[in-house]
Amino acid sequence: DGDWGALTTGDQVRMRASMDEFRLGWLEPLFTARTNYRDQPLKIQMAAGAVLAHRDLNLRAGTTDGTKTQNVDLGGDVAYAAMRLRATWRTVGVELDYAISPGLVLGGDFEDVQHDLEVRGTYNVPLYDVTFFAGYRWSQLHAEGSAGALGYDADLVVDRFQFGASLVF
């Protein structure tokens, strides 16, 4: 049976997803190399650690003619092993973060192996602990569960450009 709640096999469907995620992580420096580029210090670092992520994911689907809709809210906590590569030169940097969870689910709907990859360019404001960033994030998530009488088993890929600021203290 390929039906999904109010949506049936053969329906033309549009789906929107929104996710709030809160992450707490710790990365321990493993390697640092220093050199010069254009007479300015260039630093390359590698770190490894862990990340705990809490996610609230909302899936909103409906037929293209607007006659049928189906909504599902997913949530849960997942622990990841994480690594970071970072290169900084003057006030700019490039970061690559990768995290993998081999099914370390602490509760909720998310299951199985999950991946999270981020690539960012950064700019540190001189004399302040503020960093602006722009980058790309790709996450692969697997969720399984039920919402009322509606069961679901979803393999999801979330990929987007991201922009923001971080405050370090």
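Please read these numbers as outputs of a predicted model, since none were measured by experiment. Residues take their numbers from the sequence shown, with the count starting at 1.
- For the pair Asn36/Pro41, a side-chain contact is recorded, criterion being any heavy-atom separation below 4.5 Å from C-beta on.
- Here OG1 of Thr32 is found 10.0 Å from CD1 of Ile44. Values are rounded to the nearest 0.5 Å.
- The two atoms that bring Pro102 and Val113 nearest to each other are CA-CG2, 4.1 Å, heavy atoms only.
- Between Met19 and the options Leu74, Asp56, Leu141, a side chain to side chain contact (heavy atoms under 4.5 Å, CB included) holds for only Leu141.
- Contact check for Gln114 versus Tyr80: side-chain heavy atoms found under the 4.5 Å cut-off.
- Contact between Ala17 and Leu59 at its shortest, heavy atoms only, is CB-CD2, 3.7 Å.
- In this structure a side-chain-to-backbone donor-acceptor pair under 3.5 Å is present from Ser101 to Ala79.
- Using modelled atom types, no side-chain atom of Trp138 and backbone atom of Val158 make a donor-acceptor pair closer than 3.5 Å.
- Both Val125 and Leu167 belong to a single network of hydrophobic side chains, linked directly or stepwise wherever heavy atoms of I, L, V, M, F, W or Y lie under 4.5 Å apart.
- Residue Gln12 qualifies as open at atom CD: its count of foreign heavy atoms under 6.0 Å is 12 or below.
- Both Phe132 and Val92 belong to a common hydrophobic cluster when Ile, Leu, Val, Met, Phe, Trp and Tyr are linked at side-chain heavy-atom distances under 4.5 angstrom.
- Rounding to the nearest 0.5 Å gives a distance of 4.5 Å between NE2 of His115 and OH of Tyr98.
- Side-chain contact between Leu96 and Leu117 is present, with heavy atoms from C-beta onward closer than 4.5 Å.
- At a threshold of 4.0 Å, the pair Glu21-Arg137 counts as salt-bridged, since one of the basic side-chain nitrogens sits closer than that to a carboxylate oxygen.
- Cluster membership check: Val51 shares its hydrophobic cluster with Leu57, using side-chain heavy-atom separations under 4.5 Å among Ile, Leu, Val, Met, Phe, Trp and Tyr.
- No side-chain heavy atom of Thr88 sits less than 4.5 Å from a side-chain heavy atom of Leu42.
- In this structure, the side chain to side chain donor-acceptor pair (under 3.5 Å) partners of Glu95, at least two apart in sequence or on a different chain, are Arg86, Arg120.
- By the criterion of side-chain heavy atoms lying less than 4.5 angstrom apart, applied directly or through intervening Ile, Leu, Val, Met, Phe, Trp or Tyr residues, Tyr37 is grouped together with Tyr123 in one hydrophobic cluster.
- Between Tyr136 and Phe161, the ring center distance clears the sub-6.0 Å criterion.
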Check: Given Gln45 and Phe31, is the side chain to side chain contact (heavy atoms under 4.5 Å, CB included) satisfied, shown in steps?
Finding: CA-CA 6 Å; Gln45 299 170 290; Phe31 171 80; over 6 Å; no

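- Between Ala134 and Phe163, the shortest heavy-atom contact is CB-CD2, 3.5 Å.
- Side-chain contact check for Glu144 versus Asp109: every heavy-atom pair is 4.5 Å or farther apart.
- The minimum heavy-atom distance between Phe133 and Ala165, with the atom names listed, is CE2-N, 3.4 Å.
- For Asp65 (side chain) and Thr67 (main-chain N/O), a donor-acceptor pair under 3.5 Å exists by modelled atom type.
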Checklist line | Residues Asp11, Lys68; criterion side chain to side chain contact (heavy atoms under 4.5 Å, CB included); working and verdict | finding: CA-CA 9 Å; Asp11 284 342; Lys68 296 187 256 179; 3.0 Å; yes

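- Smallest separation of non-hydrogen atoms from Thr122 and Val94: OG1-N, 4.4 Å.
- Taking the side chain as every heavy atom from C-beta outward, Thr69 and Arg60 never approach each other to under 4.5 Å.
- With hydrophobic clusters built from ILVMFWY side chains whose heavy atoms lie under 4.5 angstrom apart, Ile100 does not share a cluster with Leu24.
- A pairwise comparison of heavy atoms in Leu7 and Ala61 identifies CD1-CB, 3.6 Å as the closest pair.
- At distances below 3.5 Å, not a single donor-acceptor pair connects side-chain atoms of Thr131 with backbone N or O atoms of Ser166.
- A salt bridge is absent between Arg23 and Asp97: the closest approach of a Lys/Arg side-chain nitrogen to an acidic carboxylate oxygen does not fall below 4.0 angstrom.
- Looking only at distances, no side-chain donor or acceptor of Asp116 sits under 3.5 Å from a matching main-chain atom of Ala99.
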